[in-house]
Undergrad: 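After the structure tokens below, expect a handful of questions from me.
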Amino acid sequence: MSKTAIVTGGSRGIGKATAIALAKEGCDIVINYANQESQALEVVEEIKSLGREADAVKADVSILAESEEMANICLEKYGKVDILINNAGITRDSLIMRMKEDDWDKVINTNLKGTFNCTKSVIRPMVKQKMGRIINIASVIGLSGNPGQANYAAAKAGVIGFTKSIAKEVASRGIMVNAVAPGYIQTEMTDVLSTEAREKIMSHIPLERLGNPGDIAEAVKFLALYASYITGQVIVVDGGMAM
Ligand SMILES: NC(=O)c1ccc[n+]([C@@H]2O[C@H](COP(=O)([O-])OP(=O)(O)OC[C@H]3O[C@@H](n4cnc5c(N)ncnc54)[C@H](OP(=O)(O)O)[C@@H]3O)[C@@H](O)[C@H]2O)c1
């Protein structure tokens, strides 16, 4: 029987590449988006052209009720959620002295609370079916910290702690929970970087290129569909930058 996956923030970037990679492996996919419906619908069409089922749901992951609604749409259609990819995320960068309370709240609420909300929304059905894979998209910034990204680093470090805790809670129920920590990946999130900042980052990457969304999707696909004895881990996919 085909597997069913929810990929949050699947309308573009890493989420889109992940949704398509899982669909190519035979999964039916529910993606969500926050605002950009047209991009989400394009992803749905691309997945359907691969012969798989796909739906796009407007749901703000920072709101529990909307995360539950997204999970329910998946459960009603497929009767199960096999895989959850907690990918939706945002940045609101600034140095601590200039960081507004709203910048802190939005980043924590989307990146960290959103991961809690979506996990909470699928965990009971996963426990019931005694099988599940949850992959949380963290960041190398959650491991190393970064000036100007205290909110983002705190959220991603939180995602890593959350991953390990939930992995321990649900391991006996056949559910494996891991995190993927990308380095610098070319998406709309990093399009805002100046050429100077980009060159500085490049000088720290042994593989001498920024990553692309497909690089992350491959790691997620492995954890979601092929790994059988890995849980509570953080797989760093960064071209060697953080080593
Ligand atoms: N790019 C990198 O270098 C990099 C590095 C490390 C980690 N990451 C992490 O990887 C993940 C994906 O990043 P990306 O670069 O692919 O980002 P992106 O291109 O900016 O896409 C972000 C996605 O998240 C969705 N989203 C944002 N806020 C949301 C909310 N409140 N509720 C539901 N969906 C929401 C967006 O939906 P809309 O299109 O509707 O706005 C979009 O689909 C994030 O968690 C990010 O922190 C990225």
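Each ligand, and each atom within it, is numbered from 1 in the order the structure gives.
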Undergrad: Transitively linked via ILVMFWY side-chain contacts under 4.5 Å: V140 with I235?
TA: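 Cluster IDs for V140 and I235 differ.
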Undergrad: Would you kindly specify which portion of N32 sits under 4.0 Å from ligand 1, judged on non-hydrogen atoms: side chain, backbone, both or neither?
TA: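 Within the 4.0 Å criterion, N32 contacts ligand 1 through side-chain atoms alone.
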Undergrad: Distance to 0.1 Å, residue and atom name: give those for the protein heavy atom nearest to atom 8 (N) of ligand 1.
TA: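 Here the closest protein heavy atom is Y152 OH, 3.4 Å.
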Undergrad: Using distance alone, decide if ligand 1 has a nitrogen or oxygen within less than 3.5 Å of any nitrogen or oxygen in I90.
TA: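 So ligand 1 has no N or O lying under 3.5 Å from an N or O of I90.
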Undergrad: Look only at interatomic distance and state if P182 has a nitrogen or oxygen under 3.5 Å from any nitrogen or oxygen of ligand 1.
TA: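 For ligand 1, there is no N or O atom that lies under 3.5 Å from one belonging to P182.
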Undergrad: For ligand 1, which is the ligand I care about here, please tell me if G15 has any N or O atom under 3.5 Å from one of the ligand's N or O atoms.
TA: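 Between G15 and ligand 1, no N or O pair is found under 3.5 Å apart.
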Undergrad: Look at atom 18 (P) of ligand 1 and say which protein heavy atom is nearest, naming residue and atom and giving the distance to 0.1 Å.
TA: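 In this structure, atom 18 (P) of ligand 1 has R12 NH1, 3.4 Å as its nearest protein heavy atom.
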Undergrad: Could you tell me whether S139 and ligand 1 have an N or O pair separated by under 3.5 Å?
TA: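 Checking ligand 1 against S139, no N or O pair falls under 3.5 Å apart.
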Undergrad: Give a yes or no on this: more than 12 heavy atoms of other residues, nucleotides or ligands lie within 6.0 Å of atom CZ of R173.
TA: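 Check fails, neighbour count at 12 or below.
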Undergrad: With side chains defined as the heavy atoms from C-beta onward, is the minimum distance between M131 and M126 less than 4.5 Å?
TA: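 Result no, sub-4.5 Å side-chain heavy-atom pair not found.
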Undergrad: Check this for me: does any side-chain nitrogen of one of R92 and D105 sit under 4.0 Å from a carboxylate oxygen of the other?
TA: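 No, R92 and D105 are not salt-bridged.
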Undergrad: Return the option from G89, G211, A88 holding the heavy atom at the smallest distance from atom 22 (C) of ligand 1.
TA: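 Comparing heavy atoms across G89, G211, A88, the nearest one to atom 22 (C) of ligand 1 lies in G89.
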Undergrad: Would you indicate whether the side-chain heavy atoms of R209 and D215 approach each other to under 4.5 Å?
TA: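 Yes, close enough: below the 4.5 Å cut-off.
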Undergrad: Which one of I31, I137, N87, V43 has a non-hydrogen atom at the shortest distance from atom 12 (C) of ligand 1?
TA: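 The residue whose heavy atom sits nearest atom 12 (C) of ligand 1 is N87.
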Undergrad: Checking contacts here: is it the side chain or the backbone of Y184 that comes within 4.0 Å of ligand 1, counting heavy atoms only? Could be both or neither.
TA: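 The answer is the backbone.
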Undergrad: Indicate yes or no: does an N/O atom of S62 lie under 3.5 Å from an N/O atom of ligand 1?
TA: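 Not met; the criterion fails.
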Undergrad: For atom NZ of K164, is the number of surrounding heavy atoms from other residues, nucleotides or ligands below 6.0 Å larger than 12?
TA: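 Counting neighbours around NZ of K164, 12 or fewer heavy atoms of other residues, nucleotides or ligands fall under 6.0 Å, so no.
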Undergrad: For atom 32 (N) of ligand 1, what's the nearest protein heavy-atom neighbour? Residue, atom name and distance, please.
TA: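 Here the closest protein heavy atom is V61 N, 3.0 Å.
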Undergrad: Mark the output for K16 as yes if a heavy-atom distance to ligand 1 is under 4.0 Å, and as no if none is.
TA: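 No; K16 lies far enough from ligand 1 that no heavy-atom distance drops under 4.0 Å.
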Undergrad: What is the minimum heavy-atom distance between A138 and A179, and which atoms define it?
TA: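 What the structure gives for the nearest pair is CB-CB, 4.4 Å.
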Undergrad: So, 4.0 Å and heavy atoms of D60: is ligand 1 close enough to count as a contact?
TA: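 Right, D60 reaches ligand 1.
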Undergrad: Could you see if F162 belongs to whatever hydrophobic cluster contains I175? Use Ile, Leu, Val, Met, Phe, Trp, Tyr and a side-chain cutoff under 4.5 Å.
TA: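 In one cluster with F162: I175, yes.
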Undergrad: Side chains of E37 and K58: closer than 4.5 Å at any heavy-atom pair?
TA: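 No, their side chains stay 4.5 Å or more apart.
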Undergrad: A side-chain contact here means heavy atoms from C-beta on lying under 4.5 Å apart; do E66 and V61 qualify?
TA: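 Sidechains of V61 and E66: no contact.
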Undergrad: Do any heavy atoms of A59 fall under 4.0 Å from ligand 1?
TA: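 A59: in contact with ligand 1 (<4.0 Å).
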Undergrad: Mark up the atoms of ligand 1 that fall under 4.0 Å of a heavy atom belonging to T190, in ascending order.
TA: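 Those of ligand 1 that fall under 4.0 Å from T190 are 1 (N), 2 (C), 3 (O).
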Undergrad: Identify the heavy atoms of A19 and I47 that sit nearest to each other, and give their distance.
TA: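 Smallest heavy-atom distance, with atoms named: CB-CD1, 4.1 Å.
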Undergrad: Answer yes or no: does an N/O atom from K156 fall short of 3.5 Å to an N/O atom of ligand 1?
TA: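 Yes.
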Undergrad: Consider ligand 1: state whether an atom of it lies below 4.0 angstrom from any non-hydrogen atom of G183.
TA: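 Judged by the 4.0 Å heavy-atom criterion, G183 does count as contacting ligand 1.
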Undergrad: Output the list of atoms in ligand 1 that are nearer than 4.0 Å to some heavy atom of N35, sorted by atom number.
TA: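 Taking each heavy atom of N35 in turn, ligand 1 has 38 (P), 40 (O) under 4.0 Å.
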Undergrad: Establish whether I20 and Y33 are linked, either directly or via other cluster members, by ILVMFWY side-chain heavy-atom contacts under 4.5 Å.
TA: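 Per the 4.5 Å side-chain linkage, I20 and Y33 are not co-clustered.
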Undergrad: For atom 25 (C) of ligand 1, what's the nearest protein heavy-atom neighbour? Residue, atom name and distance, please.
TA: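 For atom 25 (C) of ligand 1, the nearest protein heavy atom comes out as G9 CA, 3.6 Å.
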Undergrad: Considering heavy atoms of the protein only, find what lies nearest to atom 29 (C) of ligand 1 and give residue, atom and distance to 0.1 Å.
TA: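 For this ligand atom, the closest protein heavy atom is A34 CB, 3.6 Å.
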Undergrad: Counting neighbours of CD on E101 that are heavy atoms of other residues, nucleotides or ligands and sit closer than 6.0 Å, is the number greater than 12?
TA: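 No, not enclosed.
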Undergrad: Is it true that A138 lies under 4.0 Å from ligand 1, counting heavy atoms only?
TA: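 Distance cut 4.0 Å: A138 passes for ligand 1.
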Undergrad: In ligand 1, which numbered atoms sit nearer than 4.0 Å to a non-hydrogen atom of G13?
TA: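 So the answer, numbered in order with elements, is 16 (O), 19 (O).
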Undergrad: Determine whether more than 12 heavy atoms belonging to other residues, nucleotides or ligands lie under 6.0 Å from atom NZ of K77.
TA: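 Yes, the 6.0 Å shell around NZ holds more than 12 heavy atoms from other groups.
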Undergrad: Can you list the atoms of ligand 1 that are under 4.0 Å from a heavy atom of M189?
TA: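 Listed by number with element: 15 (O), 17 (O), 20 (O), 46 (C), 47 (O), 48 (C).
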Undergrad: Atom 14 (P) of ligand 1: which protein heavy atom is closest, and how many Å away?
TA: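 Looking only at protein heavy atoms, the one closest to atom 14 (P) of ligand 1 is T187 OG1, 3.6 Å.
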Undergrad: For S11 and ligand 1, does the shortest N/O to N/O distance drop below 3.5 Å?
TA: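 S11 vs ligand 1: N/O contact under 3.5 Å present.
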Undergrad: Should the proximity of T110 to ligand 1, defined as any heavy atom under 4.0 Å, be assigned to the side chain, the backbone, both, or neither?
TA: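 Side chain only.
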Undergrad: Start with the C-alpha gap between I185 and L210, add the side-chain angles, then the distance that decides, and say whether side chain to side chain contact (heavy atoms under 4.5 Å, CB included) holds.
TA: CA-CA 6 Å; I185 310 301; L210 296 185; over 6 Å; no
Undergrad: Is any side-chain N of the basic residue among E188 and R12 closer than 4.0 Å to the acidic one's carboxylate O?
TA: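 Looking at R12 together with E188, the answer is yes, because their closest N to O distance falls below 4.0 Å.
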Undergrad: Could you find the nearest protein heavy atom to atom 3 (O) of ligand 1 and give me its residue, atom name and distance?
TA: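 Going by distance alone, atom 3 (O) of ligand 1 is nearest to I185 N, 2.8 Å.
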Undergrad: With a 4.5 Å heavy-atom cut-off, do I83 and I6 have their side chains touching?
TA: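 Side chain of I83 against side chain of I6, heavy atoms only: no contact under 4.5 Å found.
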Undergrad: How far is atom 16 (O) of ligand 1 from its nearest protein heavy atom, and which residue and atom name does that atom have?
TA: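 Answer, as residue, atom name and distance: I14 N, 2.8 Å.
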